[in-house]
Chemist: 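Can you keep this structure in mind? I'll have questions shortly.
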Amino acid sequence: FCSLWIRRWQQSTGSAIDYLPSQDESVASRFPEITQEQFDSSVQLVESDGQVYGGAQAVFRALATNPGHRLPNRLYEASTAFAKATEAAYCVVSNHRNWFLGMTRCLWGSQVDRPGHVLSRWIFLRLLGLIYLAAFLSLWSQIDGLVGQHGILPADRFMAALRQQYDAGGIGLDRFRLVPTLAWLGASDGFLHWQCAAGAALSVLLVVGIAPAPCLALLWLLYLSLATVTRTFLGFQWDNLLLEAGFLAILLAPWRLWPRRSRTTPPSRLAVLLLQVLLFKLMFSSGCVKLASGDSSWRNLTALSFHYQTQPLPTWLAWYANQLPMGLHKFSCAGMFGIELLAPFLVFAPRRPRLLGCGLLALLQLLILLTGNYAFFNWLTLALIVAVLDDWTLNRILPHRLARRLSHLLGNGRDPGAGEARWQRRTTVLVAVVVVPIPLLQISFSWGASYRWLAPAEAAVAWLQPFRTVSGYGLFAVMTTERREIIVEGSDDGVSWLPYEFKDKPGDIQRRPTFVAPHQPRLDWQMWFAALGDYRENRWFVHFCLRLLQGSPEVLALLEKNPF
């Protein structure tokens with residue numbers, strides 16, 4: 001037990017502390033001021049001035065040689081209550097080492113080394129690059145019909161109206177916060193295409209590993225710019241999640257033009273914690289909103305009995321899932337609540353419980369992938385799961401040959417220089433102070449909590465809202481129990497009417513649903529939402545019909561075919 005944890009401490013203190021086993025005969029003669037009873041009862045720290053400390057104080061003073069582990073020692077010196085409590089806890093552990101050895105094996109496995117995230121960061125950044133690439137290419141193929149000059153909601157007219165409104169209202173530079181988009185420089189079709197192309201190119205650079213942090217910063221800016229000007233068509237939760245994960249990834253990535261084995265710095269532990277908080281918020285909020293909504297179908301566990309056929313874009317496997325007996329639907333629903341409400345807490349646990357929690361979360365995402373098309377939502381969640389796993393765990397999950405090659409390629413990373421570490425730490429701490437408390441506020445808001453003392457926090461969330469990097473999550477808070485479809489038909493004589501078929505949205509009942517994720521047909525998705533309301537709540541639908549009357553080639557390209 002002692003040997004396991006001493007190796008862990010050695011990783012934190014480095015060469016600042018020399019470690020010797022008290023069982024060595026030379027140790028007792030070298031330090032006669034320490035009795036055998038003291039050696040047997042607790043660890044002893046002998047400092048260079050001859051001062052001797054034991055127990056919890058020795059542990060805290062030794063770890064304090066690492067600048068990142070000074071807080072416990074400061075608390076020990078400042079608080080008598082803290083000192084007494086930690087010494088009592090140390091005695092309990094010391095007197096029951098065999099029991100705590102069993103607990104250590106159960107929670108950490110055979111190794112309790114400090115969790116490294118060099119390999120997990122390498123994989124996560126490349127997965128994120130592929131997701132960014134899919135997002136930009138998917139939007140690029142549709143952007144003319146969605147917000148082009150002859151599209152459904154032209155971006156140039158939107159920006160012209162905003163410019164006129166803000167000029168009349170005397171709004172100056174704050175317009176760039178209220179509407180954060182590069183379209184202030186221009187909203188032509190060519191400039192929209194340029195942003196999509198630049199995003200795709202930067203995504204490839206991120207996958208290759210060239211200038212990861214600068215690429216991530218530019219990718220975040222470009223996607224935020226397009227999401228802002230595209231409005232309702234890029235207003236989905238996975239768009240917000242991509243922006244939030246992409247922003248946090250900037251803090252995780254190495255600030256190097258071409259990170260190599262000898263120059264790669266280990267990722268900040270605080271940056272990894274921020275991704276853990278994001279994954280926790282995403283999954284736990286998803287369970288909370290379902291219960292907080294008061295929807296009876298969630299509470300009586302019948303929601304999945306109609307979810308597979310009423311979801312926006314089901315896959316053909318959803319038909320088979322829909323045929324399952326009610327008992328299995330209820331069991332699946334209960335299992336989903338168990339995963340969404342309990343497994344997220346395991347993300348912060350030691351290695352083995354964390355692996356269990358991440359495995360359950362990954363299983364849920366894979367099942368959703370098989371039965372529904374939710375763009376890159378599930379893929380991005382799986383990437384976040386990879387990001388919170390440590391290298392030791394990944395080395396045992398990945399195929400042995402691949403893990404060995406990646407470990408050889410990446411090495412263990414080097415310690416960052418003082419200036420680099422200080423800059424990264426301060427930036428990450430600043431972001432953490434803002435970001436970490438917000439998930440708790442958002443979860444409390446989902447339950448309808450409203451307190452006067454939370455008003456400043458609510459104001460801060462509202463101020464940051466346009467940047468879409470501190471978003472709330474939770475799909476299907478209220479379950480749709482029946483499927484409604486808008487069928488758009490046209491006629492050139494007022495007598496014979498022909499339907500406009502969509503590429504991926506269910507329409508012709510003889511055509512089975514398809515797999516389209518991570519691509520998202522944005523118009524098809526909006527048609528599902530439009531069917532839940534009327535045209536007054538979906539003004540874009542009126543513009544869509546107008547473009548069909550005009551025969552706009554850009555809008556017609558979003559459909560399966562033009563019946564005329």
Chemist: Kindly list each side-chain donor-acceptor pair under 3.5 angstrom involving residues 361-369, sequence neighbours excluded, with atom names and distances?
Modeler:
residue, atom, partner, partner atom, Å
Q365, OE1, N378, ND2, 2.8

Chemist: Evaluate the side-chain contact (heavy atoms from CB on, under 4.5 Å) criterion for residues V388 and F348: first the C-alpha distance (whole Å), next the side-chain angles of each, then the deciding distance (0.1 Å), finally the verdict.
Modeler: CA-CA 9 Å; V388 304; F348 305 103; over 6 Å; no
Chemist: Using the side-chain hydrogen bond (donor to acceptor under 3.5 Å, both in side chains) criterion, which residues pair with D504? Sequence neighbours excluded.
Modeler: none
Chemist: Rounded to the nearest 0.5 Å, what separation is found between the OG atom of S297 and the CZ atom of F306?
Modeler: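 Those atoms lie 4.5 Å apart.
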Chemist: Below 4.5 Å, heavy atoms only, C-beta onward: do L107 and P353 meet side chain to side chain?
Modeler: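 Side chain of L107 against side chain of P353, heavy atoms only: contact under 4.5 Å found.
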Chemist: Around atom CG of L370, are there more than 12 heavy atoms from other residues, nucleotides or ligands closer than 6.0 Å?
Modeler: yes
Chemist: Go through the structure and list residues passing ring-ring contact (aromatic ring centres under 6.0 Å, His included) with F176, not counting sequence neighbours.
Modeler: W184
Chemist: To the nearest 0.5 Å, what is the distance between OG on S268 and CZ on R121?
Modeler: 10.0 Å
Chemist: Would you check if the side chain of D239 reaches a backbone N or O of F236 as a donor-acceptor pair within less than 3.5 Å?
Modeler: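 The answer is yes, because a donor-acceptor pair under 3.5 Å joins these two groups.
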Chemist: Please round to the nearest 0.5 Å and tell me the distance separating atom CG of L556 and atom OH of Y500.
Modeler: 6.5 Å
Chemist: Counting C-beta onward and ignoring hydrogens, is there a side-chain heavy-atom pair between K290 and E340 closer than 4.5 Å?
Modeler: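 SC-SC contact between K290 and E340 confirmed.
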Chemist: Nearest 0.5 Å, please: how far is CG in N373 from CZ in F515?
Modeler: 7.0 Å
Chemist: According to ring-ring contact (aromatic ring centres under 6.0 Å, His included), who are the partners of F345, at least two apart in sequence or on a separate chain?
Modeler: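 Only F280, F284 meet the ring-ring contact (aromatic ring centres under 6.0 Å, His included) criterion with F345.
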Chemist: Where do L559 and L548 land on the side-chain contact (heavy atoms from CB on, under 4.5 Å) test, with the steps shown first?
Modeler: CA-CA 10 Å; L559 302 176; L548 293 182; 3.8 Å; yes
Chemist: Once you round to the nearest 0.5 Å, how far does CG of D524 lie from CD of E560?
Modeler: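 Taking CG in D524 and CD in E560, the distance rounds to 9.5 Å.
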Chemist: Tell me, with the steps shown, if L192 and V229 meet side-chain contact (heavy atoms from CB on, under 4.5 Å).
Modeler: CA-CA 10 Å; L192 294 175; V229 77; 4.2 Å; yes
Chemist: Do you see a donor-acceptor pair shorter than 3.5 Å between the side chains of S225 and T181?
Modeler: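 Distance-only check passes for S225 and T181.
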Chemist: Walk me through whether Q311 and Y374 qualify under side chain to side chain donor-acceptor pair (under 3.5 Å).
Modeler: CA-CA 10 Å; Q311 62 179 318; Y374 295 93; 2.7 Å; yes
Chemist: Under the ring-ring contact (aromatic ring centres under 6.0 Å, His included) test, which residues partner W319, sequence neighbours left out?
Modeler: none
Chemist: Any side-chain to backbone donor/acceptor pair from T514 onto V516? Under 3.5 Å, distance only.
Modeler: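 Side chain of T514 to backbone of V516, a donor-acceptor pair under 3.5 Å: no, none is there.
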Chemist: Checking E537 now: which residues fulfil side-chain hydrogen bond (donor to acceptor under 3.5 Å, both in side chains) with it, not counting sequence neighbours?
Modeler: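 With neighbours one apart ignored, the set is empty.
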Chemist: Between R547 and E554, is there a side-chain N and carboxylate O pair less than 4.0 Å apart?
Modeler: no
Chemist: Taking distance alone, no hydrogens or angles, what donor-acceptor pairs closer than 3.5 Å link side-chain atoms of residues 132-146 to residues at least two apart or in another chain?
Modeler:
residue, atom, partner, partner atom, Å
S138, OG, Q142, NE2, 3.4
S138, OG, H519, ND1, 2.7
S138, OG, Q520, N, 3.2
W140, NE1, H193, ND1, 2.8
S141, OG, S138, O, 2.7
Q142, OE1, R522, N, 2.9
Q142, NE2, S138, O, 2.9
Q142, NE2, Q520, O, 2.8
D144, OD1, H193, NE2, 2.7
D144, OD2, H193, NE2, 3.0

Chemist: Give the C-alpha distance, both sets of side-chain angles, the deciding distance and a yes or no for side chain to side chain donor-acceptor pair (under 3.5 Å) between E244 and Y473.
Modeler: CA-CA 11 Å; E244 190 165 356; Y473 301 98; 2.6 Å; yes
Chemist: Within the side chain of Q323, is there an N or O that forms a donor-acceptor pair under 3.5 Å with the backbone of Y320?
Modeler: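 Such a contact is absent between Q323 side chain and Y320 backbone.
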Chemist: Counting only heavy atoms not in R511 (residues, nucleotides, ligands), do more than 12 fall under 6.0 Å from its CZ?
Modeler: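 Atom CZ in R511 is packed in, count exceeds 12.
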Chemist: Parallel, tilted or perpendicular: which one describes the rings of W463 and F467, with boundaries at 30° and 60°?
Modeler: tilted
Chemist: Excluding sequence neighbours, so at least two apart, what forms salt bridge (charged side-chain N to carboxylate O under 4.0 Å, His left out) with R231?
Modeler: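 With neighbours one apart ignored, the set is empty.
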Chemist: Check side-chain hydrogen bond (donor to acceptor under 3.5 Å, both in side chains) between R396 and all other residues, then give those that pass, not counting sequence neighbours.
Modeler: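 Scan of R396 (side-chain hydrogen bond (donor to acceptor under 3.5 Å, both in side chains), adjacent residues dropped) gives none.
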Chemist: When you measure from the side chain of R354 to the backbone N and O of A349, does any donor-acceptor pair fall under 3.5 Å?
Modeler: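 Pair found, side chain donor or acceptor close to backbone of A349.
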Chemist: With heavy-atom distances below 4.5 Å as the criterion, would you say the side chains of K505 and W528 are in contact?
Modeler: no
Chemist: Does S471 use its side chain to pair, donor to acceptor, with the backbone of N240 at less than 3.5 Å?
Modeler: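 Absent.
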Chemist: State, with a plain yes or no, whether a side-chain heavy atom of W540 is found less than 4.5 Å away from one of L523.
Modeler: yes
Chemist: Quick check for you: to the nearest 0.5 Å, what is the distance between L216 atom CG and F247 atom CZ?
Modeler: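 That separation rounds to 11.5 Å.
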Chemist: Please list, chain by chain and in numerical order, all residues satisfying ring-ring contact (aromatic ring centres under 6.0 Å, His included) with W108, sequence neighbours excluded.
Modeler: W5
Chemist: My understanding is that only residues two or more places apart in sequence, or in another chain, count here; which of them pass side-chain hydrogen bond (donor to acceptor under 3.5 Å, both in side chains) with T310?
Modeler: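 Partners of T310 by the side-chain hydrogen bond (donor to acceptor under 3.5 Å, both in side chains) criterion come out as none, since no residue qualifies.
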Chemist: What pairs of donor and acceptor atoms, side-chain ones from residues 325-339 against any protein atom, are under 3.5 angstrom apart with sequence neighbours left out?
Modeler:
residue, atom, partner, partner atom, Å
H329, ND1, L304, O, 3.4
H329, NE2, L324, O, 3.0
S332, OG, L328, O, 2.8

Chemist: Got a donor-acceptor contact below 3.5 angstrom from the S293 side chain to the A477 backbone?
Modeler: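 Flag set: sc S293 to bb A477 pair under 3.5 Å.
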Chemist: Flag the pair I152 / V147 as yes when at least one side-chain heavy-atom distance between them is below 4.5 Å, and no otherwise.
Modeler: no
Chemist: Is there a side-chain contact between R484 and L532 (heavy atoms, below 4.5 Å)?
Modeler: no
Chemist: Any side-chain heavy-atom pair from R114 and R269 closer than 4.5 angstrom?
Modeler: yes
Chemist: Report the residue from F233, W238, F377 that forms a ring pair (Phe, Tyr, Trp, His ring centres under 6.0 Å) with W525.
Modeler: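 In the set F233, W238, F377, the residue that makes a ring pair (Phe, Tyr, Trp, His ring centres under 6.0 Å) with W525 is W238.
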Chemist: Give me the one residue out of D391, N395, D390 that meets side-chain hydrogen bond (donor to acceptor under 3.5 Å, both in side chains) with T393.
Modeler: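 With T393 as partner, D391, N395, D390 yield a single side-chain hydrogen bond (donor to acceptor under 3.5 Å, both in side chains), made by D390.
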Chemist: I'd like to know if the side chain of K503 and the backbone of A557 have a donor-acceptor N/O pair within less than 3.5 Å.
Modeler: yes
Chemist: Quick check on W379: does its CH2 atom have over 12 non-hydrogen neighbours (other residues, nucleotides or ligands) under 6.0 Å away?
Modeler: no
Chemist: Tell me, do N322 and T371 make a side-chain contact under 4.5 Å, heavy atoms counted?
Modeler: no
Chemist: For T302, does its backbone N or O pair with a side-chain atom of S305 as donor and acceptor, under 3.5 Å?
Modeler: yes
Chemist: Evaluate the ring planes of F541 and F544, with Trp represented by its six-membered ring, and classify them as parallel (under 30°), tilted (30 to 60°) or perpendicular (over 60°).
Modeler: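 Answer is tilted, since the angle falls between 30° and 60°.
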